[in-house]
There are 2 protein chains.
Amino acid sequence: MRIGELAEAAGTTTKTLRFYEDEGLLRPAHRTPAGYRDYRPEALARVDFIHRGQAAGLTLAQIRQILDIRDHGQAPCEHVRNLLDARLADLEQQITQLLELRDTITQLRDQATQVEPDTCSADQVCRYL
Amino acid sequence: MRIGELAEAAGTTTKTLRFYEDEGLLRPAHRTPAGYRDYRPEALARVDFIHRGQAAGLTLAQIRQILDIRDHGQAPCEHVRNLLDARLADLEQQITQLLELRDTITQLRDQATQVEPDTCSADQVCRYL
DNA sequence: CTGGACCTTCCAGTAAGGGGGAAGGTCAAC
DNA sequence: GTTGACCTTCCCCCTTACTGGAAGGTCCAG
């Protein structure tokens, strides 16, 4: 299959697939005599895997690590567990921070609703922030 | 005050202050005969305001909008309320997504803990993702 | 008068994940 | 034989908020 077909099947663009190849996420495809990339069906599973990894919040660099381990013939299980653990710890922290930020902004916004502009002093930028 | 003093007082760097000036967040300071920036004390309040805006999750572009309104002699109250409302709506969505992602990853991780590598089939990248 | 700590401008680069578009080759249909 | 839809490589551009470094000017102490 050509790159356009693979892109459509995977729900992405040819640009992105070439980018993945440059970044080492997809292995270089065979070429037709004309120089066109010629993908085997397994390539679709690989692109789908990349997308699932992204949906799990992994970076392309982390996904590449997993793929590299697999490409060397090993099962990346432990590495994946570690990545997921790390991602989970990050997530907890992000969520905590966002919840705090939400509280802060809610308070600021409530204050901003109650006061009228003409009571602002001119020497400050904004009394709500 | 010179840029280094302002940077220290504001808890940032001279690089960042020049960057803020380039981005239109700080107005160009007066210059000494030698060409050094010479800030008035109000500049510190402005840098602090920028930091409070960032702490509220606003982008520099949004903070610049508020400062521009203030610089034109108007009270930016309504604009600030709108920005905070928008930020709050964004936050709700971000939090929801992160909570969903946390559930997903927790499930993936639990599965990854229970299964042993040798039961993985070789034709897939990773059974957990 | 020299050394070091400042300051100036400009240029380049970072992470992440691509997008835009040029200049050119290829393939199938009409 | 010529469109039009593909494909190729190449290089630059975008976002956000800075950071690093080079080359050069200034200021103050010893």
Side-chain angles (χ1 to χ4, degrees), chain A residues 1-26 28-40 43 46-67 83 86-87 90-91 94 97-98 101, chain B residues 1-26 28-39 43 46-67 83 86-87 90-91 94 97 101:
Chain A
M1 75 199 313
R2 287 183 309 180
I3 196 169
E5 301 172 70
L6 177 57
E8 191 174 5
T12 183
T13 66
T14 59
K15 280 281 193 191
T16 299
L17 293 179
R18 292 193 198 97
F19 171 72
Y20 285 170
E21 182 179 312
D22 287 345
E23 295 294 303
L25 289 147
L26 293 183
H30 292 115
R31 300 293 181 123
T32 67
Y36 288 14
R37 287 176 181 78
D38 188 18
Y39 290 99
R40 286 187 296 176
R46 196 165 172 115
V47 178
D48 284 343
F49 176 78
I50 296 172
H51 288 162
R52 285 197 303 279
Q54 287 192 295
L58 300 179
T59 65
L60 292 184
Q62 291 172 323
I63 296 168
R64 183 180 48 219
Q65 285 175 14
I66 300 174
L67 290 168
L83 282 177
R87 185 76 191 97
D90 268 8
L91 266 181
Q94 276 185 34
Q97 284 175 5
L98 288 187
L101 187 53
Chain B
M1 77 200 310
R2 286 184 310 180
I3 194 169
E5 301 173 70
L6 178 57
E8 191 174 4
T12 183
T13 66
T14 59
K15 279 282 193 191
T16 299
L17 293 180
R18 291 192 200 96
F19 170 73
Y20 285 170
E21 182 179 314
D22 287 346
E23 295 295 302
L25 288 146
L26 294 182
H30 291 114
R31 299 295 180 121
T32 68
Y36 287 16
R37 287 175 181 79
D38 188 18
Y39 290 99
R46 196 166 171 113
V47 178
D48 284 344
F49 176 78
I50 295 171
H51 287 161
R52 287 197 302 280
Q54 285 192 298
L58 300 180
T59 65
L60 292 184
Q62 291 172 323
I63 296 168
R64 183 180 49 219
Q65 285 175 14
I66 299 174
L67 290 167
L83 281 178
R87 185 76 191 99
D90 268 7
L91 266 181
Q94 271 187 298
Q97 284 176 3
L101 186 53

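Order of the sequence lines fixes the chain letters, A, B, ..., with proteins taken first and strands second; residue numbering starts at 1 for each chain. Heavy atoms only: backbone and side chains are in, while hydrogens, waters and symmetry mates are out.
In plain terms, the two heavy atoms of A:L101 and B:A55 that are nearest each other are CD1-O, 3.1 Å. Nearest heavy atom pair, residue B:L58 against residue B:L83, reads CD2-CB, 4.5 Å. The two residues B:R64 and B:E23 come nearest to each other via the heavy atoms NH1-O, 2.7 Å.
The main-chain N or O of A:L25 is found under 3.5 Å from a side-chain atom of A:R46 such that the two form a donor-acceptor pair. Under a 3.5 Å cut-off, the side chain of A:Q62 and the backbone N or O of A:T59 do form a donor-acceptor pair. Counting only distance, with no hydrogens or angles, the side chain of A:D38 and the backbone of A:R2 share no donor-acceptor pair below 3.5 Å.
Not a single donor-acceptor pair, N or O on each side, falls under 3.5 Å between the base of C:dG17 and the side chain of A:Y20.
Comparing A:A34 and B:I3 by the nucleotide of DNA chain C that holds the closest heavy atom to each, the one mapping nearer the 5' end is B:I3. Take the nearest nucleotide of DNA chain D for B:T32 and for B:A61: the residue whose nucleotide is more 5' is B:A61. Residues B:F19 and A:R18 both approach DNA chain D. Their nearest nucleotides, taken by heavy-atom distance, put A:R18 toward the 5′ side. When each of A:T16 and A:R2 is assigned the nucleotide of DNA chain C with its nearest heavy atom, A:T16 is the one assigned upstream, toward the 5' end.
If you take CD of B:E21 and P of C:dC10, they are 12 Å apart, rounded to a whole angstrom. The CD-P distance, from A:E5 to C:dA28, rounds to 12 Å in whole Å. Atom-to-atom, CZ of B:R37 to P of C:dT9 comes out at 4 Å; the value is rounded to the nearest Å. Note: CD (A:Q62) to C1' (C:dG17) measures 14 Å, nearest angstrom. The distance between atom CZ of A:R31 and atom P of C:dC27, rounded to the nearest whole Å, is 14 Å. Atom C1' of nucleotide C:dC27 and atom OH of A:Y36 are separated by 6 Å, given to the nearest angstrom. Look at CG on B:D22: it is 15 Å from C1' on C:dA12, rounded to the nearest Å.
Side-chain atoms of A:T13 lie closest to C:dG19 of the nucleotides C:dG21, C:dT9, C:dG19.
Applying the 6.0 Å contact sphere to CD of A:E8 captures no more than 12 heavy atoms from other residues, nucleotides or ligands.
Taking 4.0 Å as the cutoff to heavy atoms of chain A, we find the contact window on DNA chain D bounded by D:dC6 to D:dC10.
Using a 4.0 Å cut-off, some side-chain N or O of A:Q54 falls inside it from OP1 or OP2 of C:dG18.
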